Amino acid sequence: MKLSNAQKLLNPVVLVMGLALSGPGWAEALVKGTLYKDPQCGCCQEHADYLAAQGFAIDVVQTRNLAAIKQQNGVPEKLQGCHTLLIDGYVIEGHVPVTSIRQLLEQKPKIRGIALAGMPAGSPGMMGEKTAPFTIYEIADGMPKVFSVE
Ligand SMILES: [Cu+2]
C-alpha cells in the first residue's frame, strides 16, 4: 500500500490502517541502531541523518568518552573513524555507506563488525569529493580483511 505524502497528511486514518495491515513485515524492515558520537562532531550527525534518510531508526547518543565505546566493541586503533554505530550486535565504525551495512546485516558473518577508517572525503555524511574507492574492513581478530569496496 503506497500513499503519497499529500495523502498521508490528508488521511491519517488510511495511513494507520495501512501500517496495521502490513504488520510484522513493516516492523522488521525498520533497522534499529545506536550511534555514539562526540557532542562536537558535526559529520557524525550528518552520517546519522543519512542513515535515517535510508530508512534506519537511529538513536544518537552523545558521549565524551568515545574511546571507551570503541574499546568495549573491539575497534582497533587503525580502523577507527569518528563515530561508532551498533546494530544487531555488530559494530559499524565511521562513515560506512548503507550498501555495506545492509550486506553485513544480510550475510551475518562471524565478525565483530565493519569499519571505514578515518573520515574519507565524499563518504556519506562527509563533505568534499570522493577521490578513491572506499575500502571497508572487517573488525575481527587477526589481520584486517577487506569486507567491501565501494
Ligand atoms: Cu565524521
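It should be emphasised that the depicted structure is a prediction, and the values quoted were computed from it without experimental measurement.
In this structure, Gln62 places its CD atom where more than 12 heavy-atom neighbours from other residues, nucleotides or ligands lie under 6.0 Å away. Residue Lys32 qualifies as open at atom NZ: its count of foreign heavy atoms under 6.0 Å is 12 or below. Heavy-atom contacts from other residues, nucleotides or ligands closer than 6.0 Å to OH of Tyr137 number 12 or fewer.
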Item to complete: Give the intermediate values and the outcome of side-chain contact (heavy atoms from CB on, under 4.5 Å) for residues Ser148 and Gln103.
Response: CA-CA 9 Å; Ser148 59; Gln103 187 185 328; 4.0 Å; yes
Worksheet entry | Verdict with reasoning, Cys44 to Asp38, per side-chain contact (heavy atoms from CB on, under 4.5 Å) | CA-CA 8 Å; Cys44 302; Asp38 186 277; over 6 Å; no
Practice prompt. Report the C-alpha separation of Leu85 and Phe56 in whole Å, then their side-chain angles, then the decisive distance to 0.1 Å, and conclude whether the side-chain contact (heavy atoms from CB on, under 4.5 Å) test is met.
Written response: CA-CA 12 Å; Leu85 170 65; Phe56 290 69; over 6 Å; no
Discussion item. Could you go through Glu150 and Ser100, starting from their C-alpha distance and side-chain angles, then the distance that decides it, and tell me whether this counts as side-chain hydrogen bond (donor to acceptor under 3.5 Å, both in side chains)?
Written reply: CA-CA 8 Å; Glu150 56 173 300; Ser100 290; 2.5 Å; yes
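For the pair Ile139/Leu79, a side-chain contact is recorded, criterion being any heavy-atom separation below 4.5 Å from C-beta on. Side-chain contact between Pro144 and Glu138 is absent, with no heavy atoms from C-beta onward closer than 4.5 Å. Here the side chains of His47 and Lys37 are not in contact, with every heavy-atom distance at 4.5 Å or above.
Hydrophobic clustering of Ile, Leu, Val, Met, Phe, Trp and Tyr side chains at less than 4.5 Å, counting indirect connections, unites Leu116 with Tyr90. No path of Ile, Leu, Val, Met, Phe, Trp and Tyr side chains, each step under 4.5 Å between heavy atoms, connects Met127 with Met119, placing them in separate hydrophobic clusters. Cluster membership check: Ile87 shares its hydrophobic cluster with Ile136, using side-chain heavy-atom separations under 4.5 Å among Ile, Leu, Val, Met, Phe, Trp and Tyr. With hydrophobic clusters built from ILVMFWY side chains whose heavy atoms lie under 4.5 angstrom apart, Val91 shares a cluster with Val61.
Annotation for Pro133 and Val149: closest pair CB-CG1, 3.6 Å, computed over non-hydrogen atoms. Taking each heavy atom of Pro97 and Phe134 in turn, the nearest pair found is CG-CD1, 4.4 Å. Closest heavy-atom contact between Ala48 and Val60: CB-CG2, 3.7 Å.
Side chain of Tyr50 to backbone of His95: no donor-acceptor contact under 3.5 angstrom is found. Side chain of Arg112 to backbone of Val75: no donor-acceptor contact under 3.5 angstrom is found. Proximity of a side-chain donor or acceptor of His83 to a complementary backbone N or O of Cys43 within less than 3.5 Å is not detected.
Interatomic distance, CD of Glu46 versus SG of Cys41, reported as 9.5 Å (0.5 Å rounding). Distance OG1/Thr63 to CG/Leu35: 11.5 Å, rounded to 0.5 Å. Once rounded to the nearest 0.5 Å, the distance linking CZ of Phe147 with CD of Gln107 reads 5.5 Å. Annotation: the span from Ile101 atom CD1 to Ile92 atom CD1 amounts to 4.5 Å, rounded to 0.5 Å. Summarising the geometry, atom CD belonging to Gln80 is positioned 9.5 Å from atom CD belonging to Gln71; distances are rounded to the nearest 0.5 Å. With rounding to the nearest 0.5 Å, the separation of CG in Leu104 from CD1 in Ile111 is 5.5 Å.
Listed by first and then second residue, the salt bridge (charged side-chain N to carboxylate O under 4.0 Å, His left out) pairs that reach into residues 61-87 are Lys70-Glu93, sequence neighbours excluded.
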